[in-house]
Each structure stands twice: as C-alpha cells, then as structure tokens.
Engineer: 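So that we are looking at the same thing, I have put the structure below in structure tokens.
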Amino acid sequence: METLFGDQLEQSVASSGSFADIILPVPIPKMFTYKIPRSLKEEIGIGYRVIVQFGKKKILTGIVGKVHQKPPTAYDAKPILDVLESHASVNPVQIRFWAWMAQYYCCHIGEVMNAALPSGLKLSSESKIQLNPTFDPDTCAYPLDEREEVLLKALQKKEEMSFEDCESVLGIKSIHGIIKSLVIKEAVVVFEQVKEKYSPKVENRIRLTSNFVEDKSSLEKLFHEISTKPKQEEILLKYLQEVPVYRQAGLNKNGLEKKVLTDAGMSTSSLKTLIKNGVLEEFKIIVSRFEDEAGSDSPIVLTHKQLEAQVKIKEAFEKKHTVLLHGITGSGKTELYITLIQEALQGGSQVLMLLPEIALTTHMVSRLRQVFGSSMGVYHSKYSDNERVEVWNGLLSGKFSFVVGVRSSIFLPFDSLGLLIVDEEHESSYKQYDPAPRFHARDAAIMLAWLHQAKTLLGSATPSFESFYNARTDKYGYASLDKRYGEAQLPEFHLADMLIDKKKNLLKLDFTRLMREKIQEALVNQEQVLIFQNRRGYAPYVSCEDCGWIPECEHCDVSLTYHQFGEEMRCHYCGFREKVPHVCPGCGSSKISAVGVGTERIEESLSLLFPEARIARMDLDTTRSKYGYQRLLDDFGAGNVDILVGTQMITKGLDFDRVTVVGVMDADRILYFPDFRAGERAFQQITQVAGRAGRRGKKGHVVIQSRRPEQAIFHQIISGDYRNFYLQEMGERQRFFYPPFVKMIKVSTRHKDYKTAERAARHLHNLMAEIQVKKILLGPEKGLIGKIKNQYIFESVVKLDRSSHAQAHFKQELQQQLEALQAEKDFRSVRFIVDVDPY
DNA sequence: AGCACGCCGACT
DNA sequence: GTCGGCGTGCTC
C-alpha cells in the first residue's frame with residue numbers, strides 16, 4: 001500500500017517538473033530547493049552556476065548540488081532564474097570535496113563555497129532605478145521637490161541609473177531618501193541588475209585588411225601610392241617588420257598590438273587615416289593576463305642522494321597514498337619535486353603544489369617557472385581577482401595542468417589530479433583561522449588526493465609532529481634527504497645567556513655581547529646578517545614606570561600595541577587606536593615608556609649599535625604592497641643591505657650566500673608560548689632560520705639569545721636531533737593527551753553579555769559531556785583573550801578518541817546540539833564557533 | 001550573513 | 001506626533 005502510494009507520488013511529481021538543490025554562499029546549514037524551469041531543463045546539471053533569487057531582495061550565484069524530482073512539501077520552490085554557462089563550473093569531485101570539508105570542519109557547505117569560488121565567479125547585483133513607464137509628471141498626485149525633478153530629468157536621458165550615478169548627478173551622498181520618496185510617488189522603479197565581476201583583458205590590435213594579404217601586388221601598389229606620405233609609410237613598414245605577412249600570410253590574422261605602434265612614436269592620426277582608408281583594421285582580442293614564457297627542457301640532473309630519495313618516494317607511493325619527504329634545508333628538495341611533477345604531467349595527470357604564502361614569491365616559483373614556463377599557473381593571494389579567475393578558467397580549458405599556489409588553491413577545478421605536493425608541510429599558515437571553513441590545507445589536500453586517487457608528497461625540513469607520527473606508524477611512506485647540497489656546511493651554533501649578560505651589564509639594547517661580536521665580525525668581513533624576532537611593531541605595549549599601568553583596548557581584553565609611527569597605540573584585534581597619553585591616567589606620572597621588543601625597535605637599536613651598517617626590516621608592515629617583499633629581497637640579494645631584521649618571513653626562501661650570521665633575539669618568546677605546540681614550533685622556527693646561515697663554502701654562525709640557555713631543546717636544535725626532540729615531546733603529548741594522540745576540537749562561545757556567554761558555554765559543555773564517545777572535556781574557560789570586539793569569549797576543548805568513527809559521531813551530535821541551542825531564545829544571539837584541529 | 005518586520009526613546 | 005534604534009525570525 002505504502003509502496004504503491006509512493007510510486008504514484010513519484011510519478012505525479014515527475015510530471016510536475018524537476019528540482020535542484022542548490023548550494024548558496026550563505027551560512028545556513030542546508031541546500032535550497034529551486035524549481036528548474038522547463039526552458040532550462042536541458043541546460044542544467046550538477047556543478048552548474050545558476051542565478052537565483054534568495055529572500056526578497058538578494059540575487060545570488062549558486063552551484064547546483066543535486067538534481068531530482070522531489071518537490072518540497074512545506075513551501076513553494078522559487079524558480080532558477082538563469083544558467084550562467086553551458087558547462088559545469090564545479091566538477092563532481094569538487095562538490096564531494098566541499099561536502100567533506102563542511103562535515104569534517106563543522107561548517108556549512110555555503111561557507112565552503114564562499115571560500116572556494118574566487119569572488120570573480122560570484123555575481124554581484126547592483127541596484128538601479130528607471131522611470132516608471134506609467135508615470136506622468138503632470139498628473140502626479142504629489143508635488144516633486146527640486147532634487148527629485150533633477151533626477152527625473154537625468155533619467156529621461158539615461159534610461160537607467162545606478163545609485164552611484166544618482167549621487168554624482170545630485171552631488172550629494174545620501175540619495176536613499178530621495179529614491180525612496182520617488183518610489184512612493186510611483187515615479188521610478190528600482191530593479192537589480194546582475195553583473196559578472198570577471199572581465200577578460202582585452203587588447204587592441206591592428207592588422208592589414210584582407211585584400212592586401214591575399215593579393216601581393218595590391219600591397220606593392222599601396223606602397224607606391226603612399227610614398228608621398230612618410231608618416232603612413234613608416235607605420236606600414238613597422239607593421240610589416242613586426243608581422244612579416246609577405247613571408248607567412250597567416251601571421252596577419254593575429255595582427256599586432258596597437259600599443260607597439262603607438263609606443264614606437266608613430267603618428268596616431270596617420271594610423272587613423274590608414275584605418276579609415278581601409279588599409280589597416282582595428283580589432284580586439286581577449287588575451288591572458290599572464291605572460292607567455294617557454295619552459296626550459298634542459299633535464300634536471302639529480303645527485304646520488306636525490307636519486308635515492310626519489311626511488312624511495314616512488315616505492316612508497318606503490319603502497320601508500322601519502323609520503324613524507326624529510327629533507328633538511330638546502331638538500332635540494334626542489335629538484336626532486338620538479339622531476340616528480342614532470343613525470344606526473346607526462347602521465348597525463350594534473351599537479352598541484354602548495355606553498356605557504358610567504359614562500360610563494362621567491363626562488364622556488366622562479367625556479368619552477370624556468371622549467372615549466374607558462375604552462376604553470378600561479379595562484380597567489382596578492383593576485384587580483386581577475387587573475388584568479390584566469391587561473392581557474394585556465395585549468396578548465398586545459399591551459400594549465402600544473403598550479404603552484406597558496407592554501408586556497410586546493411579549491412581550483414582540477415579534474416584529474418595525479419600528484420599533490422605540500423611544501424613546508426609543517427607551516428601553521430596552512431590552517432585557516434578566521435572565516436569558516438577553518439581548514440588545514442595539508443589535511444584537505446590529502447583528502448582531495450584521495451578523492452582523485454592521487455598521491456600526496458609532504459615536504460619539510462622539520463615535519464609537523466602529526467606527519468612524522470603518521471610516517472613512523474606507517475600510515476605514510478617516508479623518505480629523507482639529510483645531506484646539504486654541494487659543499488655547504490652546517491652552521492656553528494652559539495647560545496647567549498641574556499640574564500648573565502644583563503648582570504654583568506653587557507646586555508646593550510637587548511643584544512648580548514656574543515651577538516654583538518658576531519655581527520661586528522660579519523660586518524668587518526662584508527658579510528650579511530639576519531636578525532630574527534617574532535614580533536612586529538616597535539614594542540608590544542607601553543607602561544607607566546611608576547604605577548605599572550598598561551593601556552588596554554576598550555572593546556577587547558588585550559593590551560594595546562604600541563606603534564612608533566604617530567605615537568599611537570592600536571588594538572590588533574579590532575583596530576581601535578588611541579594616542580599615547582602624556583600623563584598616566586592612574587597616577588599622573590609622566591614616565592610612560594615602551595616595554596618589550598619588536599622588529600621596529602630592534603632596527604632602531606641596531607642603527608645605534610652599528611651606525612655604519614645598512615639596515616633593513618622585513619615584516620608584515622614593510623611588505624604589504626604587491627612587490628614590497630620582492631623589492632626587499634632584491635635589495636638584500638644585491639648586497640645593498642648589511643643587516644636584515646625580520647619576523648617569520650626571513651625564514652623562508654632567502655637563499656643568499658653572503659649571509660654568515662643569523663641571530664635569534666629572544667628564543668624564550670617562542671618557547672614559552674602558552675600552547676602545547678610551542679616546543680615543536682620553536683624547534684621548527686629556529687632550525688629554519690638557522691638554515692639561512694652560511695650556505696656555500698663559508699661556515700655560518702647562529703646566535704640564540706635566551707634567559708635559560710641550558711634547556712634541552714637548544715641542544716637538540718644545535719645537533720639537528722629532530723628525532724630525539726620528537727621522541728621526548730611525544731612522550732609529553734601522550735602523557736597529557738595532546739595531538740596526535742587525540743583529536744582536538746575547540747568550541748568557542750561568544751556573546752556581548754558576559755553572563756549569557758558564560759551560561760551558553762556551560763550549557764553547551766554539559767550537552768557535549770553527554771555525547772557517548774571516548775573523550776576528555778576541558779573548560780569552559782574564559783578565552784585566552786577574554787573579549788574581542790565587545791564580545792565575551794568562552795572556550796571548551798574536546799580531546800577526542802582518534803578513530804574516525806568517534807569523530808564523525810561526535811561532530812554529528814555536536815551539530816545537532818548546536819542547532820538545538822541556537823533555537824532556544826536565550827541563546828539566539830550567541831555565536832558558537834567550532835574549530836577542528838585548531839593550530 | 002543580510003534583510004524585513006516590529007515595538008520603544010529623542011527629535012521636528 | 002514621527003524617525004530610527006536593534007531584537008527576532010526567515011531565507012527554498
């Protein structure tokens with residue numbers, strides 16, 4: 001009976017039309033069902049980009065996730081307005097990948113879509129107004145004021161106007177009221193115009209009209225005719241010189257860039273005349289934003305060690321999907337990557353290589369460019385949106401089969417990935433923090449590889465403990481490169497005790513005697529120095545010397561960061577800024593001074609200690625512009641800088657032979673960070689920066705300043721004993737239940753009211769405690785930063801059993817609990833943020 | 001997330 | 001009296 005009824009239902013539905021579940025870029029945990037109009041029925045499939053109306057006003061780009069015959073019961077589905085392309089923009093593997101990501105990282109598929117599509121592929125709609133055709137100013141029941149009259153006049157000429165047009169016509173900013181009143185008076189109507197944001201780059205070109213190409217004698221005749229007009233003759237000669245049509249008639253088809261002629265100082269008016277007389281014609285073509293470059297085919301010759309590693313990797317790939325390549329700095333991982341990429345490409349597969357953002361502008365990319373030329377796409381966060389869309393489309397069209405890119409390039413539309421490489425796999429910048437999806441690109445890459453049945457190679461000089469653990473437990477394959485390239489030697493390490501120097505009065509402006517001596521030596525020998533301090537700005541904060549008062553942000557629970565520029569204090573969380581007061585508001589003292597050390601301050605100290613040295617600084621503040629980073633690198637490479645002070649950034653990709661001294665200003669700052677990964681991170685960062693010292697021939701020196709130089713970690717770093725360090729730290733992690741022995745999930749609760757935030761967090765905590773999974777639950781505690789942007793934060797940490805079953809179960813339950821909590825009216829405005837594998 | 005609907009304070 | 005504050009509810 002039931003089946004029969006079901007069948008009948010199916011049938012009646014099938015005749016009533018098809019439906020599509022559409023992924024929309026909104027943070028709502030579901031897809032939305034729309035009707036497929038009969039006219040679009042043949043043109044729609046999974047992964048197609050469509051336009052739909054969402055809510056009363058919004059027009060959105062959506063991606064078809066599913067096509068079916070089941071009409072929604074509770075509501076009437078709206079129709080799909082249009083299909084944007086005749087092909088799927090997003091392939092089925094991508095959709096599965098999105099779905100996995102939403103599930104694994106506890107976020108909504110719309111949020112994944114938002115992160116995945118370059119904004120150039122998302123539509124924007126613009127509100128425009130137009131005259132109401134039924135409107136007659138003479139019979140209008142309402143009087144119109146002056147401005148309204150002006151707008152209506154303008155509209156009669158232009159037919160339609162954007163709000164911005166209205167602003168410029170009236171010369172005022174607040175036009176909303178006027179438009180609203182005109183709408184009420186039924187004089188105009190407002191409508192939404194949908195726009196594609198991506199615009200291809202168009203080039204103006206010039207070519208001979210066809211009659212001069214087909215018939216050679218006509219060209220001779222032409223030259224004869226214009227011999228009295230030298231300007232025109234010059235243009236024609238230039239054209240024929242650039243485009244030798246007489247030798248190869250086909251060349252004329254693509255013509256010559258107009259700019260070539262005008263830039264060469266040819267007369268534009270003569271050019272116009274030639275066009276007018278039908279000799280030349282102007283046309284437009286769509287060109288790539290990326291320059292064409294040929295790759296070199298000079299084969300890469302691997303060293304014996306590299307070959308060994310290569311064989312090992314390939315053997316491991318036979319049995320494992322993922323292989324960890326543990327190669328110390330300067331061991332030639334790049335060459336190894338190149339040969340593997342070439343092989344994969346020759347096998348007809350696509351290749352994706354991930355790099356941390358700061359490494360992407362360097363050496364590695366130019367090296368790859370040399371080999372792969374313009375068949376390699378580069379996907380960088382500093383690229384414009386149009387450029388990103390071109391990489392996206394280049395992949396769809398087959399122009400690129402190899403892409404190097406940052407974290408977000410895992411979302412590009414690959415359809416046949418064969419190999420993924422994650423270089424500097426341990427880098428924490430692979431984890432996206434702030435907007436959901438809070439994913440880790442390395443882990444997501446491994447999943448993506450699985451979906452494509454591709455292989456993943458993780459490379460690092462200092463692997464993350466997670467990856468090393470996976471290699472040791474045989475989940476991943478393992479290969480190592482432990483010999484430096486050429487005759488490069490390991491640097492000599494020096495530990496400098498800051499406390500002892502301070503007692504002996506040898507600590508000058510935060511520099512120990514040893515550090516100063518080594519720098520001096522390098523300067524005398526005309527060698528370069530790198531100074532590493534993991535904090536930008538001048539000094540972390542200011543403080544009153546008399547009463548200890550420290551200024552704090554009004555909206556967040558943090559002290560304000562001091563910036564020397566403008567004598568200002570800023571909040572790094574909400575952007576609040578304030579002038580440094582002249583007198584302490586607590587005690588009236590005027591002794592307010594900067595405390596702590598940032599790169600800016602070190603730069604200043606260095607110029608006092610070494611007045612003759614040329615000093616530069618490299619941090620977020622000096623490299624914000626698109627080429628700022630490259631300029632600094634070039635300057636340093638050219639030897640125009642003696643000492644370079646910097647944050648993390650200097651640990652990447654700098655490959656200069658003349659660096660002989662590397663200084664770590666404050667190793668304790670990294671080591672005593674309140675996080676279980678602090679040790680691992682300190683090891684990685686110090687090892688990485690030390691790797692910059694003394695590459696070819698000359699031995700380098702690394703000076704590490706610390707208040708407790710006797711700690712074991714320093715000796716492990718010095719001897720390069722990653723293994724022992726790992727084993728020791730892992731002992732701790734196992735004892736105290738930290739990853740990789742457990743799966744961590746952090747849940748934050750935010751609300752503007754302290755009590756509500758706390759209550760909601762408690763509530764959630766209790767609900768989580770009831771989920772039947774092996775786990776340890778910590779919290780809820782006030783966040784490390786208790787308040788951000790006037791929102792109080794409480795955090796619970798879940799340490800879960802590692803089994804995927806436990807994880808899936810817990811996440812599913814958690815999602816349900818969260819939905820239920822949000823439905824309670826007390827917690828309606830509370831925000832819950834789930835961060836899986838927080839970093 | 002946005003955006004509309006709806007109920008209470010300071011302005012013409 | 002109204003303009004506008006943001007609490008709350010919904011989006012196929």
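Every chain is numbered from 1, with letters handed out A, B, ... down the list of sequences.
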Engineer: Arg831(A) CZ to dT8(C) P: how many Å, rounded?
Structural biologist: 17 Å

Engineer: In whole angstrom, give the distance that lies between atom CZ of Phe832(A) and atom P of dA1(B).
Structural biologist: 13 Å

Engineer: Rounding to a whole Å, what distance do you find between Glu111(A):CD and dG2(B):P?
Structural biologist: 12 Å

Engineer: Tabulate atom names and distances for all N/O pairs under 3.5 angstrom spanning the protein and nucleotides 10-12 of chain C.
Structural biologist:
{"unit_1": "dT11(C)", "atom_1": "O3'", "unit_2": "Gly55(A)", "atom_2": "N", "d": "3.2"}
{"unit_1": "dC12(C)", "atom_1": "OP1", "unit_2": "Tyr34(A)", "atom_2": "OH", "d": "3.4"}
{"unit_1": "dC12(C)", "atom_1": "OP1", "unit_2": "Gly55(A)", "atom_2": "N", "d": "3.3"}
{"unit_1": "dC12(C)", "atom_1": "OP2", "unit_2": "Gly55(A)", "atom_2": "N", "d": "3.4"}
{"unit_1": "dC12(C)", "atom_1": "OP2", "unit_2": "Lys78(A)", "atom_2": "NZ", "d": "2.4"}
{"unit_1": "dC12(C)", "atom_1": "O3'", "unit_2": "Thr33(A)", "atom_2": "O", "d": "2.8"}
{"unit_1": "dC12(C)", "atom_1": "O3'", "unit_2": "Lys78(A)", "atom_2": "N", "d": "2.8"}
{"unit_1": "dC12(C)", "atom_1": "O2", "unit_2": "Thr33(A)", "atom_2": "N", "d": "2.9"}
{"unit_1": "dC12(C)", "atom_1": "O2", "unit_2": "Tyr75(A)", "atom_2": "OH", "d": "2.1"}
{"unit_1": "dC12(C)", "atom_1": "N3", "unit_2": "Tyr75(A)", "atom_2": "OH", "d": "3.1"}
{"unit_1": "dC12(C)", "atom_1": "N4", "unit_2": "Lys30(A)", "atom_2": "NZ", "d": "2.9"}

Engineer: Roughly, in whole Å, what's the span from CG in Leu24(A) to C1' in dC3(B)?
Structural biologist: 15 Å

Engineer: Under 3.5 Å, side-chain donor or acceptor atoms of residues 806-813 of chain A against the rest of the protein: list the pairs with distances, not counting sequence neighbours.
Structural biologist:
{"unit_1": "Gln807(A)", "atom_1": "NE2", "unit_2": "Arg802(A)", "atom_2": "O", "d": "3.0"}
{"unit_1": "Lys811(A)", "atom_1": "NZ", "unit_2": "Tyr104(A)", "atom_2": "O", "d": "2.9"}

Engineer: Test of understanding: with side chain to side chain contact (heavy atoms under 4.5 Å, CB included), list the residues that count as partners of Lys201(A), not counting sequence neighbours.
Structural biologist: Val287(A), Arg289(A)

Engineer: Would you list the pairs meeting ring-ring contact (aromatic ring centres under 6.0 Å, His included) in which at least one residue belongs to residues 33-56 of chain A, sequence neighbours left out?
Structural biologist: Phe32(A)-Phe54(A)

Engineer: Quick one: list whatever passes ring pair (Phe, Tyr, Trp, His ring centres under 6.0 Å) with His440(A), sequence neighbours left out.
Structural biologist: Tyr839(A)

Engineer: Does the side chain of Leu354(A) reach to within under 4.5 Å of the side chain of Arg407(A), using non-hydrogen atoms?
Structural biologist: no

Engineer: Could I get the full list of ring pair (Phe, Tyr, Trp, His ring centres under 6.0 Å) partners for Tyr754(A), not counting sequence neighbours?
Structural biologist: Tyr792(A), Phe794(A)

